[in-house]
Amino acid sequence: LEEQGLLALTEEFDDTPGQEERSGKKTTVSNMGRVNTGKDNHTTFGSDASNGSGYKVIGYNGELLRVHRIVLEVFNSEAIVAFEEANPGIEWKVDHKDRQRNHNCIKNLRVVTTAQNNNNTSRTLAPLPTFPPFCDFCGFKRGAVGTNQGTVAMTAAERLANIARI
């Protein structure tokens, strides 16, 4: 792999928004879609949403937050600002490019309108773009929506091995 490809395998964690006044350990989120809870320093991809939607969620300040929204807000807030400036009054949504609701890597997320998000679902007739079996950034193994594939933490060596298979 090129040197730049190796740098892409670096997982970065940053504070989850809304805890600026909080003292002690804080909840952080990574650019690969993992969450580190401040309470017990446990790193996870989040829990399955109780409604069976396939999204990953975390409990935060007494409410459930979707991990994909946090990842996008922390690691691509510029895209959200640009969307809001170009589309005043229109609510932004987070789209999973590969339609895998549990694949919350920043490279798989984009800001879209509700209509654009609805056009990229498994229920529409829109053809699914072709994706390699593993995400080239985080090593997520793509599978059927609603499965637990891709929810196991991978080491950098395992991600390199998966990318080499592509």
Side-chain angles (χ1 to χ4, degrees), residues 1 4-17 27-37 42-60 64-80 82-83 91-166:
L1 291 172
Q4 186 177 13
L6 292 174
L7 293 175
L9 297 174
T10 304
E11 185 170 26
E12 299 175 24
F13 280 86
D14 203 349
D15 289 346
T16 302
T27 299
T28 58
V29 65
S30 87
N31 55 348
M32 293 184 184
R34 298 193 312 151
V35 178
N36 188 304
T37 59
H42 175 71
T43 302
T44 178
F45 284 93
S47 302
D48 291 324
S50 60
N51 63 3
S53 65
Y55 293 113
K56 294 293 184 181
V57 297
I58 61 165
Y60 184 74
L64 288 179
L65 300 179
R66 291 183 174 183
V67 173
H68 61 275
R69 290 187 68 91
I70 300 170
V71 171
L72 192 69
E73 288 176 21
V74 171
F75 292 100
N76 200 0
S77 59
E78 302 84 16
I80 296 170
F83 178 91
E91 183 181 3
W92 58 271
K93 300 287 183 181
V94 181
D95 182 45
H96 291 80
K97 296 175 190 176
D98 67 0
R99 299 181 184 167
Q100 302 288 300
R101 292 179 176 179
N102 60 343
H103 183 196
N104 294 318
C105 168
I106 190 61
K107 299 290 185 182
N108 189 49
L109 304 175
R110 62 184 168 198
V111 182
V112 296
T113 65
T114 300
Q116 291 168 325
N117 197 32
N118 291 340
N119 284 333
N120 190 32
T121 66
S122 57
R123 295 183 299 265
T124 65
L125 298 177
L128 179 64
T130 303
F131 290 96
F134 294 94
C135 175
D136 62 357
F137 182 73
C138 68
F140 177 91
K141 181 179 180 184
R142 293 182 171 96
V145 173
T147 68
N148 287 327
Q149 293 188 33
T151 58
V152 177
M154 295 180 141
T155 66
E158 291 170 322
R159 287 192 297 273
L160 283 172
N162 285 341
I163 293 167
R165 291 183 205 154
I166 299 174

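In this text, all values refer to a predicted model and were calculated from it rather than measured experimentally.
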Does any non-hydrogen side-chain atom of [Y] lie less than 4.5 Å from one of [X]?
X: Y55; Y: H96; answer: yes
X: F140; Y: N108; answer: no
X: V35; Y: T27; answer: yes
X: N36; Y: S30; answer: no
X: F75; Y: L109; answer: no
X: K93; Y: T113; answer: no
X: I70; Y: I58; answer: yes
X: C105; Y: F137; answer: yes

Shortest non-hydrogen separation from [X] to [Y] and the atoms involved:
X: Q100; Y: D98; value: N-OD1, 3.0 Å
X: V67; Y: G46; value: CG2-CA, 4.4 Å
X: W92; Y: L72; value: CZ3-CD2, 4.1 Å
X: V71; Y: G33; value: CG2-CA, 3.8 Å

Backbone of E12 reached by a side-chain donor or acceptor of N31 within 3.5 Å: yes
If the test is salt bridge (Lys or Arg N to Asp or Glu O under 4.0 Å), which one of R101, R110, R69 qualifies with D95?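 Going through the options one by one, the only one that passes is R110.
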Under the criterion side chain to side chain contact (heavy atoms under 4.5 Å, CB included), which of H103, R34, M32 is the partner of F45?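 It is R34, the one option of H103, R34, M32 that forms the side chain to side chain contact (heavy atoms under 4.5 Å, CB included) with F45.
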Dump the intermediate steps for side-chain contact (heavy atoms from CB on, under 4.5 Å) on V111 and V94, then the final yes or no. CA-CA 5 Å; V111 182; V94 181; over 6 Å; no
To the nearest 0.5 Å, what is the distance between NZ on K97 and CG on N120?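 Going from the NZ atom of K97 to the CG atom of N120 covers 10.5 Å.
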